[in-house]
Engineer: 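One structure is given below, represented as structure tokens, and several questions about it will come after.
For ligands, and for the atoms within them, numbers begin at 1 and follow the listed sequence. All values below come from the heavy atoms of this structure, side chains included, with hydrogens, waters and symmetry mates left out. Numbering starts at 1 and runs along the sequence shown.
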Amino acid sequence: MGHSENLTLALREARARTDELFRLVCPGALYDRPIPERHRIIFYLGHLEAFDWNLVCGHALPLGSFHAEFDRLFAFGIDPPPGQLPCDEPRDWPSVAEVEQYNRGTRQAIDAVLDELPDPLLHVAIEHRLMHAETFAYILHALPYDKKVRTEPGPAPGTLTASAPRHRMLDIAAGPARLGLAPGEGFGWDNEFQAHTVDVPPFSISKYKVTNGQYLDFVRQGAAPPFYWSDRGGQWFFRGMFEEIPLPPDCPVYVTHREAQAYAEWRGMRLASEAEFHRAAAAAGISSNANFRHWDPIPVTADDETGNSASPRQLVGNGWEWTSTVFAPFPGFQPFPFYTNYSAPFFDGAHYVLKGGSPRTAACLLRPSFRNWFRPEYPYVYATFRMVER
Ligand SMILES: [Fe+2]
């Protein structure tokens, strides 16, 4: 069959990206569970290769498994409902040496048949891995600083700017929003199909993402502080990936869906729907803070020089944006036969759509049709929001 050089190269780059992440973890912390709702770090070490292996063996080529137990143990991540946390112990997991041996074996075996794999499977392997490069960053973010090795020198990028952004609302005219992806428009996950048009009435949307400075007013009125904030003797700090910095007031605030919704209501506004996001994003550029550029957010005004200044800023990049839309299939949805559980289990009314992308979202996932989703009370996502007038 033979692929374009690009896909082979993209797989190699994605592997380098995730390998690098594991090197941030101090060896003694590989069995830690920084996020209570997720597996221990050791699971992710085996998961990326086990996923590729299961994908290739189950749906493309009948390769003989050399470690069926690991194929199963590392097959699936978890997303428990609130209050149902996993309770496995470090001793329930294999040694790092065993997992690394498994990883070397699966990688070698997959590389030997790479040219025979269908393109869609290769896309799935690459994008699955890149999505984990982001979600694994959330996990490492929650790991204590003394258990990880800093790679980025100098201060976090969220430095203070001289003046606070002038928050204002921009009018978006009524018109069609195009959602989804049509066959032939390139690779997309099952939930991105089918393409369709939604008529959106006129609305006004904030030019910038809501900032830490704005959200601080809400906290001073009694709202709970977001997960990424720390109170140090009456001073607020942002818990960055590698260090705490005084809360940068002009950077977007990372919040849960519930917090975003409560803030918008407090301001007499609401969150944008998925269709409104598409409508607003039609003319918007991509923030420079995406595709692994930085670990933490940059000011909401940092990209003002790029693109059309009359359009909302940073709709893509510098933090996902929560929408008011419950994650559900588009008309004509069909699960991928080779990954039936990618989207369908999450069409449960308990997850909301996020659009855009974060500092740690890979370039290929910044395409307009890509949909992300999380539970409304999950606080670890690099998720921001903006407001729409009621
Ligand atoms: Fe996965």
Engineer: Can you list the steps and then say if Tyr102 with Glu98 is a side chain to side chain donor-acceptor pair (under 3.5 Å)?
Structural biologist: CA-CA 6 Å; Tyr102 172 81; Glu98 285 175 290; over 6 Å; no
Engineer: Report the residue from Phe136, Tyr44, Phe43 that forms a ring pair (Phe, Tyr, Trp, His ring centres under 6.0 Å) with Phe22.
Structural biologist: Phe136
Engineer: Should the pair Phe227 and Tyr380 be assigned to parallel (<30°), tilted (30 to 60°) or perpendicular (>60°) ring geometry?
Structural biologist: perpendicular
Engineer: For residues 182-192, which side-chain donor-acceptor pairs fall under 3.5 Å, sequence neighbours excluded?
Structural biologist:
{"from": "Glu185", "atom 1": "OE1", "to": "Arg178", "atom 2": "NH2", "distance (Å)": "3.3"}
{"from": "Glu185", "atom 1": "OE1", "to": "Ala182", "atom 2": "N", "distance (Å)": "2.6"}
{"from": "Glu185", "atom 1": "OE2", "to": "Arg178", "atom 2": "NH2", "distance (Å)": "2.9"}
{"from": "Trp189", "atom 1": "NE1", "to": "Glu127", "atom 2": "OE1", "distance (Å)": "2.8"}
{"from": "Asp190", "atom 1": "OD1", "to": "Ser343", "atom 2": "OG", "distance (Å)": "2.5"}
{"from": "Asn191", "atom 1": "ND2", "to": "Ser343", "atom 2": "OG", "distance (Å)": "3.0"}
{"from": "Glu192", "atom 1": "OE1", "to": "Arg367", "atom 2": "NE", "distance (Å)": "2.9"}
{"from": "Glu192", "atom 1": "OE1", "to": "Ser369", "atom 2": "OG", "distance (Å)": "2.7"}
{"from": "Glu192", "atom 1": "OE2", "to": "Trp189", "atom 2": "N", "distance (Å)": "2.8"}
{"from": "Glu192", "atom 1": "OE2", "to": "Arg367", "atom 2": "NH2", "distance (Å)": "2.9"}

Engineer: Using 2.8 Å as the cut-off, note every protein N, O or S atom close to the Fe ion (ligand 1).
Structural biologist: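 Atoms qualifying: His47 NE2, His128 NE2, His132 NE2.
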Engineer: If you group Ile, Leu, Val, Met, Phe, Trp and Tyr whenever their side-chain heavy atoms sit less than 4.5 Å apart, what else falls in with Phe237?
Structural biologist: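 The other cluster members (ILVMFWY side chains, heavy atoms under 4.5 Å, direct or chained): none.
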Engineer: List in chain and number order the residues that pass side chain to side chain contact (heavy atoms under 4.5 Å, CB included) with Pro337, two or more places apart in sequence or in another chain; answer none if no residue qualifies.
Structural biologist: none
